[in-house]
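Input: a single structure, listed below in structure tokens.
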Amino acid sequence: MLKQFLFAELNLPKYLFFTGKGGVGKTSSACAVALHLADNGKKVFLVSTDPASNLQDVFATELTSAGVVIAGAPNLVVANFDPVDAAEQYKESVVGPYRGKLPAAVIHNMEEQLSGSCTVEIAAFNQFAECMTDDAKQTTYDHIIFDTAPTGHTLRLLQLPSAWSNFISESTHGASCLGQLSGLESKKQIYKAAVSALADAKQTLVILVARPELSPLKEAERASRELATLNIDNQLLLINGVLDLHDDQLSEAIFKKQQIALANIPEYLTKFPTYTIPYRPYNITGLNNVRGLLTAVDLTDEITLEAKLPVLQHLNSLIDDLAASNKRVIFTMGKGGVGKTTVAAAIALGLRQRGKKVHLTTTDPAAHLHYVIDETSGISVSHIDEHQVLAAYKEKVLAKARESMADDDLAYIEEDLRSPCTQEIAVFNAFAEIVERSQDEIVIIDTAPTGHTLLLLDATQSYHKEVARSQGEIPAAVEKLLPHLRDPQYTDVVIVTLAEMTPVHEASRLAEDLDRAGILHKWWVINSSLAATNTTNKLLKARAQNEVRWINQVAEISQGNFAVIKWHPEEIKGATLSNLFTE
């Protein structure tokens, strides 16, 4: 029997760690728990470690990495760790002591070594670990709550200290990551203490957040199993958005779909306490709505229709335009959980039906393209598997090195390849090779959630140097990548969002970042819109009314280049992808 999430039943430890698939409500849940505890007299520190954090949107407050007291909740301090800013601070902490003491060329070389995304990963974990082990925070706060990045990124973050620790202890030659490593040796004890605290049930509870749908529940199971391999077995399953009022065709279909998912929770997860949060028709923003998430408060009567809907275009309009413009590389980008994979597959199918040769791929570690696209569609499909491309990359580098290097030099290369940076390089190399296929066919890339995607794109120039250093030359695919991405005749980005405040704000920030990077993004897609349906259900209709302002905002930002896909209660995959073209 599933129970609603009630605090009276829980003896919550000091550290609460929210994780789960993108878009399931991690931030909303973390904020509601933090505010509830603060309202009940607890001193709470809430922090996001997500590169695409939206805590500032929830509390309508400009946040810092040090933390800001929330007006109306004096016991709650909220912080947002900016990984890029953290990387710059970390870089300076490593390089700064040597300025004025070493030649300028040496300083420049150190800065180059610290320019890749691996430094961002290290810096983010560095802040995370220091937050968990800081004596002042230990004394000041009763609870420290982490709103984490989407699952794949979080797990990599957790595994990082172990990988670096092994690399440090085994290093005998001094490899390319010496710059990053020089800042880590002194912090091994901090990292060890942080990981130890994560695995201690008396100190930490990991809350796996999912929605009452099969895919998020499977993702929660995967995350749970991987956490268990790190001896982090102190977990709780929280299922967000359970609909109980079903009185029209659409709400009945949603209710039945959810109940099937809830009846088939993966067996592995059933050993953990499981709680639910009811479906809420409003955005979880502002203290009133955040407080209402975990209570029985009904705010539907407060929601009114603010404006009329603009003319809604179907996905066919977007596909026709892409086919006519003959773009070679098409990305789907957006916040985790907005439906990038489904939209990418639908665009691929639409272009194939228009006679185009299409290849569909993903760089998202949590992707499931093989499940969405029909094998008989005539579309070739691939997935950049991190483990496979890493093994292939290592062997390629070593094979070339064996042709000309002595054993001592080979030992240096082998040691270098044990660095966690190598995996980032391998994935980037595979990404460039996939884009190279666009010479012969249209390549559609379903990308990872926004933060990870932008780190990947921003890394292109620095990876030129890293790939050249490790391989002795820059592969043609890597050399051509950035010019291809910045060519408006060659590449286009389709921004995918939901008609809600946080996804639209996140998509707007993505659009600004793409503008700065010089990458075209003409079309937007609003996915799973209730406003595009004719529901009469009170909860769903309230949600539909709340969507109108965000649809109008997207219409304005995109200058009318947007398509709307209505909410479909059935699972969209295979032949049913064509249902998205005109409805």
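The first residue in the sequence is number 1, and the count goes up from there. No experiment lies behind these values; they were computed from the predicted model shown.
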message = What verdict does the side chain to side chain donor-acceptor pair (under 3.5 Å) test give for Ser529 and Glu547, after you've listed the backbone C-alpha separation in whole Å, the side-chain angles of each residue and the deciding distance to 0.1 Å?
response = CA-CA 8 Å; Ser529 171; Glu547 289 182 354; 2.8 Å; yes
Answer yes when [X] and [Y] have at least one side-chain N-carboxylate O distance shorter than 4.0 Å, and no when they do not.
X      : Y      : result
Asp57  : Arg509 : yes
Arg225 : Glu221 : yes
Arg354 : Asp320 : yes
Asp39  : Arg291 : yes
Asp247 : Lys538 : no

task = Could you go through the side chain to side chain contact (heavy atoms under 4.5 Å, CB included) check for Leu250 and Leu530 one step at a time?
result = CA-CA 10 Å; Leu250 181 61; Leu530 288 168; 3.8 Å; yes
request  = Could you walk me through whether Leu315 and Val564 pass side chain to side chain contact (heavy atoms under 4.5 Å, CB included), step by step?
outcome  = CA-CA 7 Å; Leu315 196 61; Val564 177; over 6 Å; no
For the student: nearest non-hydrogen atoms of [X] and [Y], plus distance:
X      : Y      : value
Leu349 : Ser578 : CD2-N, 4.0 Å
Ser224 : Leu269 : CB-CD2, 3.7 Å
Leu294 : Ile277 : CD2-CD1, 3.6 Å
Thr61  : Ile70  : OG1-CD1, 4.3 Å
Leu217 : Pro266 : O-CG, 3.8 Å
Ser28  : Leu293 : O-CD2, 3.5 Å

Taking the side chain as everything from C-beta on, heavy atoms only, tell me whether [X] gets closer than 4.5 Å to [Y].
X      : Y      : value
Ile373 : Ile379 : yes
Gln553 : His505 : yes
Ile445 : Val329 : yes
Asp492 : Phe331 : no
Val525 : Ile565 : yes
Ile551 : Pro310 : yes
Cys31  : Asp147 : no
Asn80  : Thr64  : no

Hey, is [atom1] on [X] packed in by over 12 heavy atoms from elsewhere, all under 6.0 Å?
X      : atom1 : answer
Gln439 : CD    : yes
Gln249 : CD    : no
Gln259 : CD    : yes

Using 0.5 Å steps for rounding, measure from the [atom1] atom of [X] to the [atom2] atom of [Y].
X      : Y      : atom1 : atom2 : value
Thr491 : Arg486 : OG1   : CZ    : 11.5 Å
Leu208 : Phe17  : CG    : CZ    : 10.5 Å
Tyr279 : Gln258 : OH    : CD    : 9.0 Å
Phe18  : Ile207 : CZ    : CD1   : 3.5 Å
Met501 : Ile284 : CE    : CD1   : 10.0 Å
Trp550 : Thr497 : CH2   : OG1   : 10.0 Å

[X]-[Y] side chain donor-acceptor pair, cut-off 3.5 Å:
X      : Y      : answer
Ser251 : Asp248 : yes
His359 : Ser380 : yes
Trp524 : Asn561 : no

message = Is it the case that the side chain of Asn316 and the backbone of Thr582 share a donor-acceptor pair, with hydrogens and angles ignored and the cut-off at 3.5 Å?
response =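 Pair absent, no side-chain N/O of Asn316 close to backbone of Thr582.
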message = I'd like to know if the side chain of Asn552 and the backbone of Val548 have a donor-acceptor N/O pair within less than 3.5 Å.
response = yes
key: Among Ile347, Ile495, Leu318, side chain to side chain contact (heavy atoms under 4.5 Å, CB included) partner for Trp523   =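 The option that passes is Leu318.
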ask   = Residues two or more places apart in sequence or in another chain: which of them pass side chain to side chain donor-acceptor pair (under 3.5 Å) with Thr285?
value = none
request  = Test Leu498 against Ser528 for side chain to side chain contact (heavy atoms under 4.5 Å, CB included), laying out the working first.
outcome  = CA-CA 7 Å; Leu498 302 176; Ser528 299; 4.2 Å; yes
request  = Kindly determine whether Val435 and Val443 satisfy side chain to side chain contact (heavy atoms under 4.5 Å, CB included), including the steps that lead there.
outcome  = CA-CA 7 Å; Val435 172; Val443 174; 5.6 Å; no
task = Could you check whether the rings of Phe255 and His246 sit parallel, tilted or perpendicular, using 30° and 60° as the cut-offs?
result = parallel
